[in-house]
Amino acid sequence: MATRKTYALDQCPLYKIASRKRLAQDVFNVDLPFLERLAANEGNFRVFTIKQGDKDRQVEVPKVVLERIHRRLFNLLERIEKPDYLHSGVRGRSYISNAKVHVGAVPLVKLDLKKFYPSVDGARVSRFFTGTMRCSPDVAALLTRLCTFENHVPTGSCVSQLLAFFAAKPLFDELHALAESAGLRDSCYVDDLTWSGHGATPAFLWAAKQVVHRHGFAHHKDRCFAAGDRKLVTGVMLEGNRIAVLPSKEFDLWKNIQALGGFQPQERIVAVNSLIGSAVAAGQIESRFLRRLLRLRRVRAAAIAEAALT
């Protein structure tokens, strides 16, 4: 598969747009009155709550018409060149590549940005469009209304991850400079920030927290690991010079495979498809899980044949 071509930020079609009419027609292929009505519509999102661990999480998903606008914005932002430290929203990178940055018997520190999307408010989004993209104020205001829910980046839009990154990029860039000055490897995966190397000390983590606070964000889940510790980075276990699947995830995969025999053929097909996705992800971390993938594909084929006879 060919790698999708990227461009410098100043080559993005959003760069230096000074006319709302041009934004509507040239970027979104709609007329301006339609785009303005869409931006003014307060019913653009489906809002619901999901369980995440023992907490409820609100999700805001754009409805079909606005989702098309967000998809177009995502396609434009995705093609902008990204810094090397970013592993989310970058083709060919993932939570696994993020963890691999930190393989090795060295100290490691990490933290998460707390309530990241709700913290990226309309003012930050507007500054991205006016300051970084150099759009006119009225164009930036229209884009901000289209991209935000109740004055923050929505939690369930395809554009949210990249838009939040670019809107908060001054923070990430300052943290990257801090890491470079300490001789550390650093990586960012959405709101998960990790640093490793001999200078990854509690004092460095304290300095990073000060940067986070200075930019108006909060943090949580901060951890310090000694060189010889087993370390957890974006759901991947680091053990010395190798990466490994979390034992709890391996157990869940094994348990769910054992339970397949209790399903009817159609239900088994659905369950197996989900487990195949889990096995593929695990196989990217440890190749031994590919044997389970082969087994699951055989189970799926048998379930499809059995379903065809019923």
How long is the span from the [atom1] atom in [X] to the [atom2] atom in [Y], to the nearest 0.5 Å?
X: His70; Y: Cys158; atom1: NE2; atom2: SG; answer: 7.5 Å
X: Phe128; Y: Phe166; atom1: CZ; atom2: CZ; answer: 5.5 Å
X: Asn75; Y: Leu162; atom1: CG; atom2: CG; answer: 10.0 Å
X: Leu23; Y: Leu32; atom1: CG; atom2: CG; answer: 8.5 Å
X: His87; Y: Thr194; atom1: NE2; atom2: OG1; answer: 9.5 Å
X: Thr148; Y: Asp121; atom1: OG1; atom2: CG; answer: 9.5 Å

Under the 6.0 Å and 45° cation-pi test, does Arg37 pair with Phe34? no

Evaluate side chain to side chain contact (heavy atoms under 4.5 Å, CB included) for Leu113 paired with Leu171, printing each intermediate quantity in order. CA-CA 11 Å; Leu113 299 177; Leu171 163 65; 4.0 Å; yes

Just wondering, do [Y] and [X] contact through their side chains at under 4.5 Å, heavy atoms?
X: Gln266; Y: Ile269; result: yes
X: Val65; Y: Asn44; result: no
X: Leu193; Y: Lys110; result: no
X: Cys12; Y: Arg79; result: no
X: Cys147; Y: Leu73; result: yes
X: Leu38; Y: Leu66; result: yes
X: Leu77; Y: Phe165; result: no
X: Trp195; Y: Leu205; result: yes

So if you build clusters from Ile, Leu, Val, Met, Phe, Trp, Tyr with side-chain heavy-atom gaps below 4.5 Å, do [X] and [Y] land together?
X: Trp206; Y: Leu184; answer: no
X: Val61; Y: Leu163; answer: no
X: Val299; Y: Ile257; answer: yes

Thinking salt bridges, do [X] and [Y] make one under a 4.0 Å N-O criterion?
X: Arg46; Y: Glu67; answer: no
X: Lys249; Y: Asp252; answer: no
X: Lys21; Y: Glu36; answer: no

Main chain of [Y], side chain of [X]: is a donor-acceptor contact present, judged purely on distance under 3.5 Å?
X: Arg268; Y: Phe263; value: yes
X: Asn256; Y: Leu253; value: no
X: Lys114; Y: Asp112; value: no
X: Thr144; Y: Ala140; value: yes
X: Ser196; Y: Val101; value: no
X: Glu60; Y: Pro154; value: no
X: Lys231; Y: Phe225; value: no
X: Arg223; Y: Val109; value: no
X: Ser88; Y: Val190; value: yes
X: Lys16; Y: Ser136; value: no

Counting only heavy atoms from other residues, nucleotides and ligands, does the tally under 6.0 Å from [atom1] of [X] exceed 12?
X: Lys209; atom1: NZ; result: yes
X: Asp84; atom1: CG; result: no
X: Gln264; atom1: CD; result: no
X: Asp56; atom1: CG; result: yes
X: His198; atom1: NE2; result: no
X: Glu42; atom1: CD; result: no

Worked check of side chain to side chain contact (heavy atoms under 4.5 Å, CB included) between Gln161 and Glu78: CA-CA 10 Å; Gln161 189 178 100; Glu78 185 197 26; over 6 Å; no

From the options Arg20, Arg145, Arg22, select the one residue that forms a salt bridge (Lys or Arg N to Asp or Glu O under 4.0 Å) with Asp138.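 Among Arg20, Arg145, Arg22, the one that satisfies the salt bridge (Lys or Arg N to Asp or Glu O under 4.0 Å) with Asp138 is Arg20.
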
Do you see a donor-acceptor pair shorter than 3.5 Å between the side chains of [X] and [Y]?
X: His102; Y: Ser187; result: yes
X: Arg93; Y: Asn98; result: no
X: His176; Y: Asp186; result: yes

For Met133, which of Leu143, Asp10, Leu14 qualifies under side-chain contact (heavy atoms from CB on, under 4.5 Å)? Leu14

Please verify the inter-ring angle class for Phe116 with Phe217; under 30° counts as parallel, over 60° as perpendicular, anything in between as tilted.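 Tilted: the ring planes of Phe116 and Phe217 meet at 30° to 60°.
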
How are the rings of Phe172 and Tyr85 set to each other: parallel, tilted or perpendicular (split at 30° and 60°)?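 The rings of Phe172 and Tyr85 sit tilted, inter-plane angle from 30° to 60°.
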
Go through the steps for Lys169 and Glu174 under the test salt bridge (Lys or Arg N to Asp or Glu O under 4.0 Å), then give the verdict. CA-CA 8 Å; Lys169 192 170 180 288; Glu174 185 171 344; over 6 Å; no

Please name the pair of heavy atoms, one in Asn241 and one in Gly104, separated by the smallest distance, quoted to 0.1 Å.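 Shortest heavy-atom contact: OD1-CA, 3.4 Å.
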
